[in-house]
Amino acid sequence: MKEKGFIMAQHSSPVRVRFAPSPTGKLHIGGARTAIFNWAFARATGGSFVLRIEDTDPTRSTDENIRIIVDAMRWLQLDWDEGPEVGGAYGPYRQTERMDTYQKALQQLIDCGAVYRCFCSKEQLDEEREKMQAEQGGYSGYNRACRHLSEQEVQAHLDAGDPFVWRLKVPDNHPAIEFDDAVYGHMSFPADVMDDMILVRSDGTPTYNFAVVCDDINMQITHVIRGDDHLSNTPRQILIYEALGKTPPVFAHLSMILGSDGKKLSKRHGATSVEEYRDKGYLPDAMVNFLALLGWSLDGETTLISRDVLCKAFDLARITKKDAIFDEVKLDWMNGAYIRELTAQQWARLARPWIEKAGATPEFFALDAWAEKTFALIGQRLVRFEEIPDKLAFMFWGSTLKALDDASFKKVLAKADSRAKDVLVACEAILADTSIPWECNVMQDAVKQLCDTMQLKPKAVFQPLRVAIAGNMVSPPLFESMELMKREDCVARVHYVASLL
Ligand code: GLU
């Protein structure tokens with residue numbers, strides 16, 4: 001539908017959305033948020049989610065970045081219905097493999113006179129820009145010099161082999177370009193300041209705006225959900241849709257993500273790529289939940305939202321245009337909440353690489369449900385998986401106490417009035433007694449009896465033992481940990497520490 005330059009996009013066909021990263025770097029948090037919104041919208045509407053790689057900038061796009069982005073998408077479990085690795089009916093899904101489609105669209109524009117060749121050199125354009133800046137105090141785009149070349153002039157340039165680009169002929173007296181953004185509402189851009197933008201460069205490659213529009217048309221995209229850094233491109237793209245005689249999709253532009261200091265999220269704020277968050281040990285479910293709430297809400301209050309709910313309830317109407325704040329404290333809280341919700345089996349699978357980093361060898365994992373039991377040790381108070389190696393390392397030191405914390409040694413073992421040596425000698429005898437089963441409750445009761453026999457407070461017994469086993473007065477629950485270790489290793493450590501005193 002088109003009236004007075006105001007294009008209303010209406011779609012009754014099934015939703016088709018796309019996430020279209022340029023592989024010029026890793027998957028940024030902002031990009032991941034855009035991907036999640038598109039994915040959730042497709043799932044909530046029973047539509048299709050397309051992953052398209054926008055790699056037309058040869059100087060900055062790399063295969064390595066494509067791999068990193070695809071890996072990050074897989075890690076977040078944002079499954080795409082069409083795109084790299086899965087294919088689809090509208091492929092290929094990499095812009096550099098779609099050159100023929102841009103050529104075809106260009107030909108259509110040439111045939112209907114909507115584009116023209118521009119032979120202006122970079123020097124000419126620079127000079128012109130400087131002149132206009134000096135004269136008018138502002139540059140308002142290309143001066144359209146080549147728009148009015150005669151056929152003979154064009155031919156002369158071609159005969160001379162002059163390089164040229166293709167520019168869009170913005171129609172004269174075009175009314176304001178208007179559209180209803182699903183987030184920002186009604187938008188209006190004056191058309192008379194629209195540049196005769198380049199669609200195809202002198203090397204034949206399409207510019208970003210041209211390639212995006214061609215792809216979105218050919219892939220039958222119904223809704224373009226993307227960052228509002230693209231908002232100023234939208235009127236330009238609408239002009240291209242018009243020139244190609246197509247109805248634009250619905251646009252939904254997402255507000256910026258700011259750090260908690262109110263400034264645009266950047267490296268200064270810490271990790272900015274999905275990869276970095278993965279490597280710090282955030283759970284993909286927590287990340288998806290957290291990022292989904294950067295500009296969208298379920299009901300304004302619910303914070304823990306599962307994928308299932310997100311995929312049912314997501315809608316564009318609840319996206320806010322207010323800038324979103326990336327609150328790392330909230331992310332940490334949320335990640336902890338997701339960790340606590342894991343089953344021991346899920347924990348064992350997800351935490352395994354981190355438990356290995358702590359030093360666990362395959363022989364530990366071979367023990368029945370061994371890894372699952374580590375959940376009870378540390379799962380309840382963990383914020384990120386990256387804390388696991390530090391917390392569990394002592395369990396894998398074998399018979400040697402590889403680190404003995406100085407402060408713990410002084411405070412618990414080496415105090416003048418401490419009976420730590422006697423305690424440890426007695427503990428060693430209990431731990432070494434194979435008639436006492438190596439089970440945490442049994443061991444704990446046995447050691448507790450020392451309190452009576454030695455007339456000591458529980459702390460005076462348990463803390464020396466803890467330091468002797470874990471090397472630190474702070475550790476996961478002691479007897480539960482010991483149960484997952486070898487008896488002879490524990491005995492050896494206690495013997496060693498007692499010998500230091
Ligand atoms: N490739 C663009 C980018 O990474 C996105 C284009 C779009 O969504 O229209 O910013």
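Order of appearance sets the numbers: ligands from 1, and atoms from 1 within every ligand.
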Checklist outcome for this item: Given the options Arg236, Arg147, Lys169, Asp196 meets salt bridge (Lys or Arg N to Asp or Glu O under 4.0 Å) only with Arg147

Item to check | Distance-only side-chain donor-acceptor flag, Thr205 / Asp203, under 3.5 Å | outcome: yes

Item to check | Sidechain N-carboxylate O distance under 4.0 Å for Asp55, Arg98 | outcome: no

Next on the checklist: As an exercise, identify every atom of ligand 1 less than 4.0 angstrom from a heavy atom of Ser22.
Outcome noted: 1 (N), 2 (C), 3 (C), 4 (O)

Item to check | Numbered atoms and elements of ligand 1 in range of Arg18, under 4.0 angstrom, heavy atoms | outcome: 7 (C), 8 (O), 9 (O)

Item to check | Thr62 side chain to Asn65 side chain, donor-acceptor N/O pair below 3.5 angstrom | outcome: yes

Next on the checklist: Between Lys122 and Asp126, does any NZ, NE, NH1 or NH2 come within less than 4.0 Å of an OD or OE carboxylate oxygen?
Outcome noted: yes

Checklist entry - Could Asp216 and Arg52 be called an ion pair, given the rule that one side-chain N must be under 4.0 Å from one carboxylate O? => result yes

Checklist entry - Going by distance only, is there an N or O of Arg226 that falls short of 3.5 Å from an N or O of ligand 1? => result yes

Item to check | For Ala20, the ligand 1 atoms whose distance to one of its heavy atoms is below 4.0 Å | outcome: 1 (N), 2 (C), 3 (C), 4 (O), 5 (C)

Next on the checklist: Show the atoms of ligand 1 that are less than 4.0 angstrom away from any heavy atom in Tyr208.
Outcome noted: 6 (C), 7 (C), 9 (O)

Checklist entry - Should you measure from each heavy atom of Glu54, which atoms of ligand 1 turn up under 4.0 Å away? => result 1 (N), 2 (C), 5 (C), 6 (C)

Checklist entry - In the protein, what heavy atom is nearest to atom 10 (O) of ligand 1, and what distance, to one decimal place, separates them? => result His230 NE2, 2.8 Å

Checklist entry - Can a non-hydrogen atom of Gln237 be found less than 4.0 Å from any atom of ligand 1? => result no

